[in-house]
Amino acid sequence: MRKKVMAIHSSRGGTGKTVIATNLAAIYALKGLNVALLDLDFRAPSLVDVFSKGIKEPVGHWLNDFLDGRCKAEQALIDVSEAYGLKGKLLLGLANPAVEAIRSIMEKSRTWEVTAVKRLFSLQSTLFEDMDIDYCILDTSPGVQYASVNAVVSSDLSVVVATPDSLELKGLENMLAELYDAFSKRTVVLVNKVFPETRVLLSDKQENLIDRMEKLLKHPIIGIIPCYCDVLQAKRTSLLAVDKPYHPFLRKLEEIAEKLESMEEADREESVLAH
Amino acid sequence: MVKAKQTPLNVELLLKKLVEELGFVNQKLGSLIELNEKLVKMHEELLRAGDDNSHFEAKPKLEPDVMSLLSLPPSLRKTAMVLYKLEQATATDLARETKRLRPVESAYANQLVRMGYLRKKREGREVYFYIESPLEVRK
């Protein structure tokens, strides 16, 4: 029994968070696991574009509607597993990209946010208990915003995607200390878009970089992914795990997916021993 | 001459009026003192009710959203976070989740009630703590 919630977060935009979240979800679903992928980036929704090839009918209900109490959980989820030929289920909870919906989210009160986080927890319990989902992956908005903090609070594990940019690392250091440590959440850092010129692909160089970053950030580094021009240039509608399964980006992400699974196994064993 | 005759009459009238007004003010002050005594008594009763796990529910003083979790001390934050996940919980339920002792959880949850972060209600012999949200949570 897996049943874990993973939040994919970053301290700023453009780190590759959505590419990581969508492909991680597809990797698990290709393996036969049942996955739910929720777009919690309500200010800049993107999953509706990424999965546009697999969404056959007009979206009837958005995740916004569920959080507003206007529909049931199952109405806000779209199964795209058949469209992408996945072995397991891949359910999508999409954020509404209409400007009016984004404006509405921006005007929500703090009282609404209290209800929203409770609804998010209730959605996760429906996914695990009634829909046989193994992993719920949350694609969040960058930085400290209600949607991203709600995602962190409701997750079991957070994967923070970072690029090795010094300014970003400073922001990340603060975010990890003030947000993740405050909530005592299990957190790992994934370093993405590392330029090949830094030669981190050599194993000794990689270890050196990991050591330095772990010392600075005081959180484990789950993996390093080099910057691939073709990944950056790929169409928004391209799901690499399905379209280019042999791409080195995917190989790296598969290793990370396995590490995340084994971390989860270790947690479960620890929990059994504690009882 | 006319003015000299009218002056004593006006003073007498004014004094009478003043005495009347003072009586009225005195009456109002008495009511205010009485009201204040009632409020002090009610406040003491409410504080006692909060301490002894009775059916008292405090009015929220702050919005119990995730951002305000950050301003809570870590010990209280842990208890509050569990209540986002469980819609309502007894001190025993909280202790199971946080892996702390039940009396510790009871003390923390009651402190959060006094702060206005949580609400509590009695159902039979059980006391349930919960985060109040104006909208119903539906699956």
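Proteins get letters first, then strands, A, B, ... in listed order; numbering begins at 1 in each.
- Within 6.0 Å of CD on B:Q27 lie no more than 12 heavy atoms contributed by other residues, nucleotides or ligands.
- A side-chain donor-acceptor contact under 3.5 Å links A:K118 to the backbone of B:I131.
- In this structure, A:F183 and B:L70 have side chains that are in contact, with non-hydrogen atoms separated by less than 4.5 Å.
- Other residues, nucleotides and ligands contribute at most 12 non-hydrogen atoms within 6.0 Å of the NZ atom of B:K85.
- Looking at A:E178, only its backbone comes within 4.5 Å of chain B, counting heavy atoms on both sides.
- B:E132 approaches A:V114 most closely through the heavy-atom pair O-CG1, 4.0 Å.
- With A:V117 as reference, B:V66 is the one residue of B:L69, B:V66, B:D65 to meet the side chain to side chain contact (heavy atoms under 4.5 Å, CB included) rule.
- Residue A:E214 places its CD atom among more than 12 non-hydrogen atoms of other residues, nucleotides or ligands, all under 6.0 Å distant.
- Minimum interatomic distance between B:M67 and A:Q145 (heavy atoms only, all atoms of both residues): CE-C, 3.6 Å.
- Proximity to chain B is absent for every atom of A:Q75, based on heavy atoms less than 4.5 angstrom apart.
- For the atom pair OH (B:Y84) and CG (A:N150), the distance works out to 8.0 Å, reported to the nearest 0.5 Å.
- A side-chain donor-acceptor contact under 3.5 Å links B:R77 to the backbone of A:A182.
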